[in-house]
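For reference, the structure discussed in these notes is given below.
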Amino acid sequence: MASAPSYGKKTLALVQSMAPQITAAAARYGVPAEAIAGALAQEQFDQTASYENEMKAYLSSLYADTSLGIDYARGLARNLFNAERGASDYISEDIVPIPTR
């Protein structure tokens, strides 16, 4: 049997503040109020997790952009006429050294 989900105080406060609407919906549709409250809490939990994942993706993209910008600048310093080649050389030789036998 699966364990009961654990929701934060903010989510539980939101569900509790909507008790009259939940009760009215339960009476109207003939379903237990607990089922509606649980679905609402899960939806709020999923939405919060989605925002957090979106922020992680944004920060990861920002880090990659910054890191590649620095690598490009180092590549430009290494090969003034072909910065992409200089960056590629910098990354392959200085960051990820090729093992020698």
Side-chain angles (χ1 to χ4, degrees):
M1 183 175 195
S3 62
S6 171
Y7 300 113
K9 291 180 182 180
K10 191 175 181 180
T11 300
L12 295 175
L14 172 71
V15 172
Q16 189 174 19
S17 73
M18 296 183 70
Q21 293 93 334
I22 293 170
T23 304
R28 180 175 182 182
Y29 297 108
V31 288
E34 293 83 4
I36 294 174
L40 179 63
Q42 185 63 44
E43 180 62 31
Q44 182 65 26
F45 177 79
D46 291 345
Q47 192 175 37
T48 301
S50 175
Y51 290 146
E52 289 172 0
N53 288 336
E54 238 178 273
M55 185 54 70
K56 287 178 185 176
Y58 173 77
L59 292 175
S60 177
S61 173
L62 182 64
Y63 173 77
D65 186 54
T66 302
S67 177
L68 289 174
I70 291 169
D71 292 343
Y72 186 84
R74 289 181 175 153
L76 187 60
R78 183 178 275 223
N79 187 339
L80 187 60
F81 298 108
N82 190 347
E84 289 85 3
R85 178 64 187 186
S88 176
D89 292 345
Y90 167 74
I91 291 169
S92 64
E93 294 171 8
D94 296 346
I95 295 178
V96 185
I98 299 171
T100 57
R101 294 180 186 212

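The structure presented is a predicted model; accordingly, all values stated were derived computationally and were not measured.
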Set of side-chain contact (heavy atoms from CB on, under 4.5 Å) partners for Glu84, sequence neighbours left out
Tyr72, Asn82
According to side-chain contact (heavy atoms from CB on, under 4.5 Å), who are the partners of Ala33, at least two apart in sequence or on a separate chain?
Ile22, Ala26
Spatial distance of atom OH (Tyr90) from atom CZ (Arg74) [nearest 0.5 Å]:
3.5 Å
Please list all pairs passing the side-chain hydrogen bond (donor to acceptor under 3.5 Å, both in side chains) test where one or both residues lie in residues 8-33, with sequence neighbours left out.
none
Partner set under side-chain contact (heavy atoms from CB on, under 4.5 Å) for Leu68, not counting sequence neighbours:
Asp71
Under the side-chain contact (heavy atoms from CB on, under 4.5 Å) test, residues paired with Ala87 that sit two or more places apart:
none
Filter on side-chain hydrogen bond (donor to acceptor under 3.5 Å, both in side chains), then keep only pairs touching residues 48-69, sequence neighbours left out; what's left?
Gln47-Tyr51
Indicate yes or no: at least one non-hydrogen side-chain atom of Gln44 is less than 4.5 angstrom from one of Val15.
no
Sequence neighbours excluded, the answer for ring-ring contact (aromatic ring centres under 6.0 Å, His included) partners of Phe45 is Tyr7
